[in-house]
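Reviewing the structure listed below.
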Amino acid sequence: MVEVILKADSEQGLINRNIYGHFSEHLGRCIYEGLWVGEDSPIPNTEGIRNDVLTALQKLHIPVLRWPGGCFADEYHWKDGVGPKAERARMINTHWGGVEENNHFGTHEFLRLCELLGTEPYISGNLGSGTVQEMQEWVEYMTFDGESPMANWRKSNGQEEPWKLKYFGVGNENWGCGGNMRPEYYADEYRRYATYVRNYSGNQIYKIACGPNSDDYRWTEVVMREAGRFMDGISLHYYTIPTGDWADKGQATGFGEAEWFATLKKTLFMEELIVKHSEIMDQYDPEGRVGIIVDEWGTWYNVEPGTNPGFLYQQNTMRDAVLAAVNLDIFNKYNKRVQMANLAQIVNVLQSIVLTEGEKMLLTPTYHVFDMYQVHMDAQRLELNYDSPEYAFGDEKIPQLSLSASRNKDGVIHVTASNLSATDELEVVIQLESAKATSVSGTLLHHADFGAYNTFEQPEQVKPVTWEDLKLEDHTLRFVLPPASVGALAVEG
Ligand code: AHR
């Protein structure tokens with residue numbers, strides 16, 4: 001049993017809704033087949049965007065969507081993807097699978113998708129292989145309201161009014177696929193490119209610099225020192241690879257408790273990364289103005305057997321669900337610095353929330369976690385005090401419990417809780433201090449098999465159910481978390 005004190009009057013700042021963001025990349029079947037099927041497809045669609053996926057994503061109220069990559073972004077030339085589709089350039093997607101990219105999904109289609117989802121677009125610009133002029137003109141094309149070559153071209157392509165564009169990334173992984181740069185060089189390049197990412201016609205851009213790969217603290221140090229004052233956010237990329245070995249990352253399904261434990265242990269490293277990168281940022285930005293933008297995170301396994309290795313298609317189990325909850329709890333906890341996070345990738349790639357096969361679609365266990373956690377978006381984070389019991393496996397230990405708590409604008413307190421143990425249930429007793437608490441209700445995501453997942457034949461193996469046995473007496477809340485589960489509850493006054 002673990003006792004938790006929840007201080008309902010302790011305001012820890014708003015949880016930025018953008019923590020619940022996603023990432024779409026021209027990679028494998030993410031864009032083509034996953035999001036976009038084209039107007040002429042037999043799969044029901046809205047202006048080429050498949051309806052089943054659209055409806056599923058609309059339910060999550062996705063706050064922000066990153067596009068077009070990833071590594072793809074630093075080879076993407078946006079002018080190839082506007083104008084009549086039949087005339088758009090055909091190219092090879094050299095990073096991902098060497099397949100043909102017909103550029104039918106470009107700027108207009110992405111921004112239309114964002115409109116249909118009610119989400120903020122976050123565009124990743126090409127610093128690695130593109131020019132300053134190309135980046136400047138893209139922003140002008142999208143946001144300039146007046147007479148200019150790019151604005152006129154946009155209008156002739158059917159979009160009279162400029163779009164509002166808030167988030168713009170100046171390069172992606174420029175320490176690797178985005179140009180193999182040193183931080184000193186990137187910092188200077190960032191300063192030059194970012195100068196021309198202009199605020200046209202009242203549009204205000206939040207500029208995001210390429211940040212470190214995982215624990216590359218020197219990258220953060222140099223880029224913050226040399227360019228921190230020219231940016232609003234700096235990215236952080238960290239993928240959870242169960243084996244830690246890129247050559248054999250481990251399987252997405254069919255794993256045992258050893259792999260379960262190793263994966264969760266590795267993902268908990270996210271907290272250390274955020275703490276240490278924040279400490280460096282504090283030296284150059286003591287007011288905490290510059291946000292950490294975790295714009296690529298999630299699990300990365302070996303691809304599903306028989307699929308194109310360049311497509312990075314993987315399944316998604318209860319392990320991914322608990323891991324998503326743990327990461328979202330970490331982002332919530334560090335809400336003062338973490339201003340955005342984008343799970344990779346939204347459909348049919350790494351830790352996807354939706355998978356498709358032809359006309360079929362399924363929601364993954366990770367989808368359900370994002371659904372259950374929506375309640376924390378823009379809510380006031382509340383302080384939680386507890387000592388988590390330990391979950392031991394072999395000689396190693398990790399905390400068994402992960403929690404978040406927040407209060408929304410209507411005064412409802414939401415608690416999300418996950419049990420990291422694959423084998424042991426956990427009784428949790430929460431003392432609600434200074435809270436009005438008369439009723440509690442909730443949902444629970446759990447399966448008797450911690451490796452369970454949804455298939456196109458059985459798409460509802462894993463789904464949330466009403467959480468029975470929640471007990472609220474006076475100001476004491478009691479519940480039992482089954483092994484390998486995620487719960488979400490609401491306390492009303
Ligand atoms: O998510 C797959 C790739 O991982 C992205 O394209 C890249 O940014 C990262 O290395």
Side-chain angles (χ1 to χ4, degrees), residues 21-32 34-35 65-76 92-99 101 105 110 122-130 167-181 186 190 208-216 219 223 233-242 244-247 249-250 252 266-267 270 273 292-304 307-316 320 323-324 327 340-355 364 366:
H22 288 271
F23 169 36
S24 54
E25 179 163 14
H26 288 243
L27 195 180
R29 297 184 302 112
C30 179
I31 301 293
Y32 302 107
L35 291 164
L65 183 61
R66 181 174 184 241
W67 174 83
C71 291
F72 183 82
D74 273 286
E75 283 195 49
Y76 184 62
I92 298 297
N93 188 332
T94 41
H95 258 291
W96 303 121
V99 291
E101 162 66 58
F105 190 88
F110 172 67
Y122 164 16
I123 290 202
S124 260
N126 178 349
L127 179 143
S129 71
Y167 300 105
F168 194 89
V170 183
N172 169 75
E173 295 196 353
N174 302 96
W175 36 261
C177 64
N180 287 309
M181 299 174 190
Y186 172 74
Y190 173 85
I208 299 168
C210 165
N213 178 23
S214 184
D215 57 356
D216 183 353
W219 182 279
V223 173
I234 183 166
S235 69
L236 165 65
H237 288 186
Y238 174 59
Y239 284 102
T240 303
I241 298 169
D245 176 3
W246 284 95
K249 297 182 269 301
K266 284 221 151 51
T267 220
M270 181 66 90
L273 289 174
I292 291 182
I293 309 295
V294 192
D295 57 18
E296 288 187 32
W297 68 275
T299 49
W300 195 330
Y301 308 117
N302 295 336
V303 299
E304 283 301 294
T307 64
N308 184 331
F311 281 15
L312 313 185
Y313 175 68
Q314 67 187 38
Q315 253 293 356
N316 192 294
D320 296 87
L323 182 145
N327 279 279
M340 190 195 294
N342 309 75
L343 180 65
Q345 281 92 357
I346 190 161
V347 188
N348 288 340
V349 191
L350 297 178
Q351 193 174 347
S352 298
I353 53 175
V354 170
L355 302 178
T364 66
T366 301

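In each ligand, atom 1 is the first atom listed, and ligand 1 is the first ligand listed. Counting from 1, the numbers follow the sequence of the chain as shown.
Taking the six-membered ring for Trp and the full ring otherwise, the centers of W67 and Y76 sit less than 6.0 Å from each other.
By the 4.0 Å heavy-atom criterion, F72 is excluded from the residues contacting ligand 1.
Closest non-hydrogen pair, Q345 versus S352, comes out as O-OG, 2.7 Å.
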### Task
Give the C-alpha distance, both sets of side-chain angles, the deciding distance and a yes or no for salt bridge (charged side-chain N to carboxylate O under 4.0 Å, His left out) between R66 and E25.
CA-CA 8 Å; R66 181 174 184 241; E25 179 163 14; over 6 Å; no
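Annotation: H237 places no N or O atom under 3.5 Å from an N or O atom of ligand 1; distance criterion only. In terms of polar-atom proximity, defined here as any N/O pair under 3.5 Å, C71 does make such a contact with ligand 1.
If you check which protein heavy atom lies closest to atom 2 (C) of ligand 1, you get Q345 NE2, 3.4 Å. Of all protein heavy atoms, the one closest to atom 10 (O) of ligand 1 is E173 OE1, 2.6 Å. Regarding atom 3 (C) of ligand 1, its nearest protein heavy-atom neighbour is W96 CZ2, 3.7 Å. Atom 7 (C) of ligand 1 has as its closest protein heavy atom E296 OE1, 3.3 Å.
Of the heavy atoms in V349, none comes closer than 4.0 Å to ligand 1. Contact annotation for Y239 and ligand 1: only side-chain heavy atoms (C-beta onward) come within less than 4.0 Å of the ligand.
Counting atoms of ligand 1 from 1 in the listed order, those under 4.0 Å from a heavy atom of N172 are 8 (O).
Between I234 and the choices I208, V223, D295, the side chain to side chain contact (heavy atoms under 4.5 Å, CB included) rule is met once, by V223. The one candidate from T240, T299, I353 that meets the side chain to side chain contact (heavy atoms under 4.5 Å, CB included) condition with D320 is T299.
Taking Y186 as the reference, W219 meet the ring pair (Phe, Tyr, Trp, His ring centres under 6.0 Å) condition, with sequence neighbours excluded. Not counting sequence neighbours, Y313 has no partner by the ring pair (Phe, Tyr, Trp, His ring centres under 6.0 Å) test.
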